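Side-chain atoms are counted along with the backbone in the values below, which use heavy atoms only and exclude waters and symmetry mates. Just so we're clear, the structure is a prediction, and the values are computed from it rather than from any experiment. Counting convention: from 1, in listed order, for ligands and their atoms alike.
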Amino acid sequence: MQKTAAAVHDLSGFGKCSLTVILPVLSAAGIACSAVPTAVLSSHTGGLSGVYHQDFTQGVRAFTRQWSDLSLRFDALYTGYMSSPGQIAACEELVSSLRRRDTLFLADPALGDHGRLYQGISKETADAMLSFCRGADLILPNRTEAALLLGEELRDEMPERAEAALLLPRLAQLGPRRVVLTGVSFSQESIGAACYDAETGKIDFAAAPRVQGHFHGTGDLFGAALLAGLLCGRALPEAMQMSVHFVSRSIFRTWRAGTDPRFGVDFEEELPGLMRELRLL
Ligand code: PXL
């Protein structure tokens with residue numbers, strides 16, 4: 001049976017993040033992905049000005065009503081960017097009405113990066129996101145989001161291995177059994193992620209070569225590839241490793257092409273490589 005997922009993220013028209021990267025990655029992995037836009041934006045908010053932002057909270061509530069009337073079933077619910085406490089409450093209702101015993105609920109607390117909240121994200125939204133993430137099976141924070149979830153001061157520093165190993169069990173104590181921390185620094189030349197499973201107490205790391213610069217939308221690209229790996233039957237450490245390499249290859253391609261990093265990464269031509277890793281090609 002084909003695996004199914006519902007992605008609950010914003011639709012940013014330009015800049016390759018959230019739904020515009022999650023849908024193609026999951027489709028390439030053979031997963032049928034439905035979409036719930038939490039908001040519609042003309043572009044992401046990371047360094048692009050004049051963004052048009054339309055809240056879609058009423059839409060989320062209407063989607064929830066129709067989808068529960070249709071008794072739709074999903075193997076995974078993957079949530080991300082939400083821009084107000086009311087929107088988070090609507091997504092909470094959506095998750096509780098669609099989630100079944102065997103649904104994987106993956107929550108990306110998309111709140112900020114590099115020690116700062118994203119433009120338009122308030123402290124109240126961050127607090128509501130913490131309570132939302134407590135109910136997830138798996139969370140996917142970067143260092144900034146980990147600090148927000150743990151109520152710590154924000155700093156623009158990447159965690160190293162030892163710090164990541166301390167953060168992961170603390171994040172799992174908030175509620176989710178599994179945690180993947182992104183943006184872990186291994187050396188001047190390498191960067192990647194770390195994961196933890198509270199059931200086994202095991203921590204794993206995955207590293208890839210580092211390219212200098214802030215490339216936009218890579219958290220969403222990573223999350224989509226991770227979910228693809230998990231739904232294709234990979235264990236969490238293997239899915240993480242595969243995703244770190246997929247994102248790294250996409251960043252290299254972007255850097256080689258000289259693409260403006262605010263425009264998102266050139267992941268499209270790396271999709272066949274991901275499909276080969278998933279043994280779909
Ligand atoms: O990729 C994270 C993200 C998602 N959605 C919107 C954003 C950002 C990061 O800036 O602005 C709208």
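For atom 4 (C) of ligand 1, the nearest non-hydrogen atom of the protein is Asp10 OD1, 3.5 Å. The single protein non-hydrogen atom nearest to atom 9 (C) of ligand 1 is His216 NE2, 3.3 Å, given as residue, atom name and distance. For atom 1 (O) of ligand 1, the closest non-hydrogen atom of the protein is Asp220 OD2, 2.8 Å.
Between Arg143 and Glu152 there is a salt bridge, since a side-chain N of the basic residue sits under 4.0 Å from a carboxylate O of the acidic one. Of the charged side-chain nitrogens involved, at least one lies within less than 4.0 Å of a carboxylate oxygen, so that Asp197 and Arg177 count as a salt-bridged pair. Salt bridge status for Arg234 with Glu277: absent, with no side-chain N to carboxylate O gap under 4.0 Å.
Counting atoms of ligand 1 from 1 in the listed order, those under 4.0 Å from a heavy atom of His44 are 7 (C), 11 (O). Atoms of ligand 1 found under 4.0 Å from any heavy atom of Ser12, numbered from 1 in the order shown, are 12 (C). Numbered from 1 in the order shown, with element, the atoms of ligand 1 that lie under 4.0 Å from a heavy atom of Leu41 read 12 (C).
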Quick one, Arg210 with Ser185, criterion side chain to side chain donor-acceptor pair (under 3.5 Å). Give me CA distance, side-chain angles, the key distance, then yes/no. CA-CA 9 Å; Arg210 185 195 294 247; Ser185 170; 2.7 Å; yes

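Remark: distances from the non-hydrogen atoms of Gly219 to ligand 1 are all 4.0 Å or more. Residue-ligand proximity: Ser18 is placed with a non-hydrogen atom under 4.0 Å from ligand 1.
Residues Thr144 and His114 share a closest heavy-atom pair of OG1-N, 3.2 Å.
Close placement of the Phe56 and Phe63 rings is indicated, their centers lying within 6.0 Å of each other.
Checking only distances, Thr45 does come within under 3.5 Å of ligand 1, N or O to N or O.
Within 6.0 Å of CZ on Arg279 lie no more than 12 heavy atoms contributed by other residues, nucleotides or ligands.
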